[in-house]
Amino acid sequence: MIPYGRQEITERDINSVVEILSSDFLTQGPVIPKFEHAVKGYCGASYALAVNSATSALHIACLALGLKEGDLLWTSPNTFVASANCALYCGAEVDFVDICPSTYNLSVEQLEEKLERASAMGRLPKILVTVHFAGQSCQMNEVRAIADSYGVKIIEDASHAIGGSFLSSKVGSCDYSDVTIFSFHPVKIITTGEGGMLLTNSKDVADRAELYRTHGITRQIDRLESNDGPWFYEQHCLGFNYRLTDIQGALGLSQLERLDEIVTRRHEIAGIYNQELADLPLTLPHQNPSQYSAYHLFVILVDPERRLQIFEKLREQDIGVNVHYIPVHTQPYFANLGFLREDFPEAMKYYRSTISIPMFPTLTEGDQGRVIEALVRELK
Ligand SMILES: *Cc1c(COP(=O)(O)O)cnc(C)c1O
């Protein structure tokens with residue numbers, strides 16, 4: 001089966017992991033600060049914290065930004081459930097902003113209208129989680145301006161988008177947000193097995209997120225309330241164990257060196273799809289010219305009446321197509337919170353037509369040719 005996404009592991013990646021296995025520290029060693037330093041340097045952010053998943057990064061980002069019971073968080077319905085669940089972990093409520101029909105990202109117009117209504121009703125969100133769907137950044141300058149005028153904080157869920165940029169900023173710079181988070185799951189752009197990272201330009205947010213990452217415990221002398229001696233530590237809040245291991249960090253650090261190469265290769269694959277599928281009755285992913293995508297996914301839209309059949313035909317030929325995403329608000333758990341399927345009609349319309357076709361750096365020319373031929377056969 002040609003999967004829709006897959007990690008690329010080189011000999012160097014393997015050697016860097018093996019080296020850690022025979023070193024003094026498997027976790028809490030020197031590799032994690034190195035990995036954090038390299039990612040924040042690449043992105044141009046001031047602070048970076050490695051964690052054991054993007055889900056954990058979203059959770060502690062919300063806590064560090066002060067999200068609590070009675071608060072509200074908004075995100076896009078066209079995302080993985082984690083972008084919304086982070087609100088519920090904090091005891092806050094969640095709502096969604098419908099998507100733009102061309103980029104499949106949260107719609108700036110809908111955001112503006114919904115904030116105006118929410119403001120009139122006195123029920124503004126504390127946090128907006130913007131999701132850079134498929135690796136394409138949201139229109140962050142506009143999102144930031146609108147959110148700022150209502151005092152709404154922004155988390156960029158950039159799980160798909162490390163290596164991409166918006167205007168002259170790398171995704172992760174936090175030039176237009178309070179926090180950015182990345183995922184290093186194997187289907188994403190670079191991997192640590194499981195893993196994630198939180199970036200911010202606020203020392204305060206970074207300090208609080210760091211506490212939440214490790215049980216709420218600090219050993220930093222300037223932060224201690226008292227000090228009985230060199231063994232001393234204090235717990236200041238209810239935190240978690242969300243640490244990344246040095247084994248994983250070594251893999252991430254090694255992968256990061258190839259990030260630009262990986263994203264370039266993803267653009268090559270996209271270029272071939274765009275050329276070879278141009279004459280078929282399907283919609284290719286529109287690219288907003290103010291951004292450079294990391295191309296986590298390549299999604300096509302087909303006739304909704306034929307989507308299931310096309311999907312099944314491709315799977316029969318061992319082509320691992322997938323669907324991103326089932327709108328979060330339609331999940332039974334969210335339906336139980338009161339959301340109706342047609343609450344976000346653009347996300348539903350998109351969902352009924354979409355298919356993700358294989359997109360990963362080691363996709364061979366031959367395998368990509370097979371995907372293209374199969375689509376031509378089904379759609380011509
Ligand atoms: C993958 C993903 C996550 C969760 O990432 P994990 O590292 O698996 O926790 C969150 N948001 C989006 C948009 C994702 O694609």
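Read the numbers this way: they start at 1 and go in the same order the structure lists the ligands and their atoms.
Cation-pi geometry between Arg266 and Phe298 is not met at under 6.0 angstrom from the ring centre and within 45 degrees of the axis.
Under a cut-off of 6.0 angstrom, the local environment of CD in Glu19 is sparse, with at most 12 non-hydrogen atoms contributed by other residues, nucleotides or ligands.
Between Arg213 and Glu36, at least one side-chain N (NZ, or NE/NH1/NH2) sits under 4.0 Å from a carboxylate O, which counts as a salt bridge. Taking a cutoff of 4.0 Å between a charged side-chain nitrogen and a carboxylate oxygen, Arg223 and Asp207 qualify as a salt bridge.
A side-chain donor-acceptor contact under 3.5 Å links His132 and Glu156.
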With ring pair (Phe, Tyr, Trp, His ring centres under 6.0 Å) as the test, would you mind laying out the steps for Phe339 and Phe96 before giving the verdict? CA-CA 10 Å; Phe339 293 104; Phe96 302 91; 5.1 Å; yes
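Contact shell of ligand 1 (protein heavy atoms, cutoff 4.0 Å): Ser53, Ala54, Thr55, Thr79, Phe80, Ala82, Ser83, Val131, Asp157, Ser159, His160, Ser183, Lys188, Gly195, Tyr325.
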